[in-house]
Amino acid sequence: MSEIKTHYRNCNICEAMCGLEIKYQDKNIISIKGDQNDPFSKGYNCPKAIALQDFYEDKDRLKTPIRRTATGWEDISWEEAYTEIAEKFKAIQTKYGKNSLALYLGNPNAHNLGNTLFLKPFMKSLGTINRFSSASTDQMPHHVASNFMFGAGMLIPVPDIDRTDFMLIIGGNPVVSNGSMMTAPNVIGRLKAIQKRSGKVVVIDPRRTHTAKVADKHLFIRPEKDALLLLALINRVFATNAVNLRHLNNLVEGIDGLEKLVKAYSAESVAEFVGIDAKEICTLADEFLAANSAVCYSRMGASTQTFGGLCQWLTNVLNIITGNFDRAGGAMFPQPAFDLLRNHKKGYKSTFGQHHTRVRKLPFFNGEFPVAALAEEIQTAGEGQIKSLITVAGNPVLSSPSGHKLAEAFKSLDYMVSVDIYLNETTKYANIILPATTGIENSHYDIFFNSFSVRNTVKYSAPLFAREEYQRNDYEILKALTERMTDEVIPAHLKNITPEIILDMELKNGPYGEQGFSLQKLIDNPHGIDIGPLMPCLAARIKTADGKINLVPQLYIDDLPRLNSVMSKPPRDNDFPFDLIGRRLVKSHNTWTQNSARLVKGKNPCTLEVHPDDAKQLGISNGHLLSVSSISGEVLINAVITDDIQQGVVSMPQGWGHNQKDTNMSVAATQPGVSINDLTDVNRVDLLTGNAALNGTPVAIKIAT
Ligand SMILES: Nc1nc2c(c(=O)[nH]1)N[C@H]1C(S)=C(S)[C@@H](COP(=O)(O)OP(=O)(O)OC[C@H]3O[C@@H](n4cnc5c(=O)[nH]c(N)nc54)[C@H](O)[C@@H]3O)O[C@H]1N2
Ligand SMILES: Nc1nc2c(c(=O)[nH]1)N[C@H]1C(S)=C(S)[C@@H](COP(=O)(O)OP(=O)(O)OC[C@H]3O[C@@H](n4cnc5c(=O)[nH]c(N)nc54)[C@H](O)[C@@H]3O)O[C@H]1N2
Ligand code: SF4
Ligand SMILES: [Mo]
């Protein structure tokens with residue numbers, strides 16, 4: 001046996017970028033702990049970090065390509081796989097047109113250095129406009145707001161959690177999720193620090209979440225009414241003459257128009273729909289205004305709903321007009337060392353609405369269409385129909401609205417390929433699965449999450465163990481497919497390019513290049529380097545043509561009548577009287593970490609939370625098996641009665657449903673649960689951004705017979 005060694009790296013499961021210290025001997029991991037010397041996470045890690053070992057050791061994980069045959073899966077060589085895939089895709093594109101091939105990208109792509117860099121040329125080589133991703137079941141409204149207000153979809157304001165005196169959290173549960181569009185390891189510690197410095201945390205959520213329990217105040221809100229609440233808060237800012245743009249005075253355009261627009265939304269006029277008392281709404285606005293610094297942060301609950309676009313716009317507006325923008329303690333912009341906007345010109349014309357989906361006319365943005373449209377684009381015959389598909393690190397059968405219907409659509413494809421580590425609910429429909437290395441086998445640098453981080457830091461993680469000769473990294477797979485799909489001759493220097501070469505170049509040419517930032521510098525500092533707190537930088541970073549913030553982009557004005565119409569509708573659907581929302585669990589990440597035995601042990605967490613009054617009315621007791629149905633489907637799930645959920649609302653976890661045949665996640669199958677996305681409705685989208693409305697699904701519940 002050789003000596004015990006220590007390896008430092010960032011965890012790449014969620015957005016928090018926790019630094020880890022891994023002890024290992026030969027190719028065996030001995031322990032995984034938080035790295036006390038990481039300048040950003042300072043030793044924090046959540047219970048999921050240890051699963052990196054489980055993924056590495058997982059016997060179910062695929063290591064070499066497999067092909068589906070009439071009698072089952074067979075092993076094939078990488079060369080054979082690449083050749084067949086290129087031949088099939090090209091033949092289908094020749095027959096039905098370039099756009100007959102579609103691509104779906106899942107969440108782990110954003111947590112993978114190689115994919116972040118090598119997907120762009122790969123997508124170009126496919127030559128199709130039909131690109132989809134998990135962004136449209138997630139944060140698309142943030143990008144649309146940034147695009148129209150600041151000129152670039154990736155210029156995302158993040159809450160300065162470490163300096164704020166008042167944090168208003170709408171539709172986020174960062175104590176459990178560890179933050180999203182806000183990279184902040186140890187959110188719970190950072191929230192408690194706000195309270196320690198006499199600040200305040202307020203949570204708006206239809207569920208009393210873990211975050212709500214830590215907060216100073218929690219207000220229950222009716223699902224999907226956040227845009228009305230935000231309008232009322234903004235209305236109050238004008239009504240109390242409290243608009244204060246501070247240093248952005250000459251940078252903000254549209255303030256007068258805004259005042260007129262929000263006149264109709266007094267706290268009194270929206271209270272009934274929002275489910276929060278008018279006085280409480282005014283107090284909330286007044287406290288926000290009275291704080292030395294304050295920030296409104298709204299996330300999944302406010303994005304994946306039918307008014308996600310309006311919510312993210314109004315969140316920015318509230319921060320801007322209260323003088324809490326681009327300023328310490330408010331919403332601020334990171335300046336990452338690897339800057340995705342380095343070559344982004346001012347006045348760049350966005351692709352929003354440049355194209356629309358064939359069937360439902362949903363808008364194209366950021367190079368993609370909403371995934372809510374994928375099934376119908378496969379199943380509707382005619383010019384432009386999707387005939388073949390490649391998924392990369394995605395499990396849309398469990399993660400997309402009406403996922404079970406998407407599975408039906410996949411069955412009708414002429415050809416499908418998945419780049420994935422498991423044979424799961426999605427990849428089982430592929431003709432070929434190309435398995436990549438994952439986690440500790442890969443090198444890592446968080447290009448995206450440094451762009452959403454509450455502090456500017458850098459860290460490079462080398463692979464802990466070199467891949468086996470028979471394995472391939474994701475980027476190697478993408479590169480090989482790009483070479484076979486492209487019609488262009490690839491120059492030799494590009495053939496040999498690695499993620500490290502690009503990273504080094506970007507660091508040297510980036511904003512800290514003159515301070516000597518390079519790959520070597522990061523290798524020499526394995527715990528990471530702290531660059532410092534976020535600095536006001538919007539005037540320099542804004543990408544609008546005139547350099548101004550567009551406070552009231554026209555598309556949002558045009559969307560308000562749609563919001564107004566909810567105020568004239570009956571609050572409940574007779575057939576489906578409950579609103580279903582999702583919940584995230586500490587020990588799982590989306591749909592794919594459930595094959596870690598250490599994460600899924602214990603009681604099955606896939607339960608339906610029901611309010612005691614609703615339970616009483618329907619005769620439901622704890623543990624009763626319930627039938628939950630929606631316009632889209634039905635699932636059976638056990639009840640948990642709790643007043644943590646608002647009356648009239650029910651909640652179940654997202655990411656479960658490993659109850660299908662023909663998959664190979666044996667640990668996940670021991671605790672399958674059911675998929676919330678068999679209930680969510682593909683037709684419920686935020687019509688403005690095309691984002692899926694995963695929260696607020698109308699459902700009926702009854703005791704299963
Ligand atoms: N109802 C409801 N639905 C939701 C949500 C919700 O809150 N409610 N949340 C939404 C959100 S925020 C998101 S981001 C999406 C996620 O949607 P998806 O990205 O479609 O789902 P994941 O579970 O992240 O699937 C990841 C896939 O990548 C594979 N994988 C893991 N690591 C690697 C790797 O290193 N390389 C490769 N090639 N593959 C890998 C896994 O096996 C899995 O198949 O789900 C969305 N769906
Ligand atoms: N442990 C764990 N961590 C994760 C993940 C995971 O699966 N597990 N997934 C990661 C991913 S991909 C993402 S995108 C992030 C998401 O990070 P968050 O957004 O913090 O996570 P969610 O738990 O989806 O929080 C959404 C909250 O919105 C509430 N909500 C639902 N509907 C409404 C509504 O209409 N209005 C309001 N105001 N609230 C509503 C829900 O009750 C929930 O508390 O988490 C990341 N981190
Ligand atoms: S919070 Fe996220 S990044 Fe940190 S250890 Fe947990 S899964 Fe990994
Ligand atoms: Mo996400």
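Read the numbers this way: they start at 1 and go in the same order the structure lists the ligands and their atoms. For reference, positions follow the sequence shown, starting with 1.
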Taking the non-hydrogen atoms of F55, is any one of them nearer than 4.0 angstrom to ligand 1?
no
Contact between ligand 1 and G582 is defined here as a heavy atom of the residue under 4.0 Å from a ligand atom; is it met?
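The answer is no, since G582 has no heavy atom less than 4.0 Å from ligand 1.
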Examine [X] against ligand 1 and note whether any of their N/O atoms are separated by less than 3.5 Å.
{"X": "N442", "value": "no"}
{"X": "D420", "value": "yes"}
{"X": "N677", "value": "yes"}

Which atom of W656 lies closest to which atom of C606, heavy atoms considered
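Minimum heavy-atom separation between W656 and C606: CB-SG, 3.8 Å.
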Within a radius of less than 6.0 Å around NE2 of H210, do more than 12 heavy atoms belonging to other residues, nucleotides or ligands occur?
no
Atom CD1 of I631: over 12 foreign heavy atoms under 6.0 Å:
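Not more than 12 within 6.0 Å, no.
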Ligand-residue contact atoms, ligand 2 with [X], heavy atoms, under 4.0 Å:
{"X": "D226", "result": "34 (C), 35 (O), 36 (N), 37 (C), 38 (N)"}
{"X": "R207", "result": "42 (O)"}
{"X": "L585", "result": "1 (N), 2 (C), 8 (N)"}
{"X": "Q654", "result": "7 (O)"}
{"X": "N107", "result": "12 (S)"}
{"X": "D138", "result": "14 (S)"}
{"X": "I581", "result": "31 (C), 32 (N), 42 (O)"}
{"X": "H589", "result": "4 (C), 5 (C), 6 (C), 7 (O), 8 (N), 9 (N), 10 (C)"}

Using a 4.0 Å cutoff against the non-hydrogen atoms of G106, which atoms of ligand 1 qualify?
19 (O)
Under 4.0 Å from any heavy atom of V419, which atoms of ligand 1 are there?
38 (N)
Parallel, tilted or perpendicular: rings of Y82 and W78 (30°, 60°):
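Tilted: the ring planes of W78 and Y82 meet at 30° to 60°.
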Once the angle between the rings of H589 and H111 is folded into 0 to 90°, is it parallel (under 30°), tilted (30 to 60°) or perpendicular (over 60°)?
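Perpendicular, since the angle between the ring planes exceeds 60°.
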Quick one: do [X] and [Y] make a salt bridge, cutoff under 4.0 Å?
{"X": "K225", "Y": "E272", "result": "no"}
{"X": "E468", "Y": "K63", "result": "no"}
{"X": "D678", "Y": "K405", "result": "no"}
{"X": "E441", "Y": "R61", "result": "yes"}

Under 3.5 Å: N/O of [X] near N/O of ligand 2:
{"X": "D205", "result": "yes"}
{"X": "T209", "result": "no"}
{"X": "K225", "result": "no"}
{"X": "R583", "result": "no"}
{"X": "S588", "result": "yes"}

Quick one: does P174 get within less than 4.0 Å of ligand 2, heavy atoms only?
yes
Considering only the protein, which heavy-atom contact is closest to [atom], and what is its distance?
{"atom": "atom 45 (O) of ligand 1", "answer": "S399 CB, 3.4 Å"}
{"atom": "atom 36 (N) of ligand 1", "answer": "D474 OD2, 2.9 Å"}
{"atom": "atom 25 (O) of ligand 1", "answer": "N395 N, 3.5 Å"}
{"atom": "atom 10 (C) of ligand 1", "answer": "T137 O, 3.3 Å"}
{"atom": "atom 16 (C) of ligand 1", "answer": "N590 ND2, 3.7 Å"}

For Q471, does its backbone N or O pair with a side-chain atom of R467 as donor and acceptor, under 3.5 Å?
yes
Checking contacts here: is it the side chain or the backbone of N424 that comes within 4.0 Å of ligand 1, counting heavy atoms only? Could be both or neither.
side chain
Given that the side chain starts at C-beta and the backbone is N, CA, C, O, which of these parts of A393 lies under 4.0 Å from ligand 1, counting heavy atoms, or is it both or neither?
both
Which one holds for K48 and ligand 2: side chain close, backbone close, both close, or neither close, with close meaning a heavy atom under 4.0 Å?
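For K48, only side-chain atoms sit under 4.0 Å from ligand 2.
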If you take the nearest heavy atom of each of M300, Q646, R584, which one is closest to atom 19 (O) of ligand 2?
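Considering heavy atoms of M300, Q646, R584, the nearest to atom 19 (O) of ligand 2 sits in M300.
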Heavy-atom nearest option to atom 46 (C) of ligand 2, drawn from C46, A212, S177, P653
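The nearest heavy atom belongs to S177.
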Between I170 and Y297, is a side chain to side chain contact (heavy atoms under 4.5 Å, CB included) present by the stated rule, with each step listed?
CA-CA 6 Å; I170 303 183; Y297 163 68; over 6 Å; no
Do any pairs count as a salt bridge (charged side-chain N to carboxylate O under 4.0 Å, His left out) and have a residue in residues 131-141, sequence neighbours left out, and if so which ones?
D138-R299
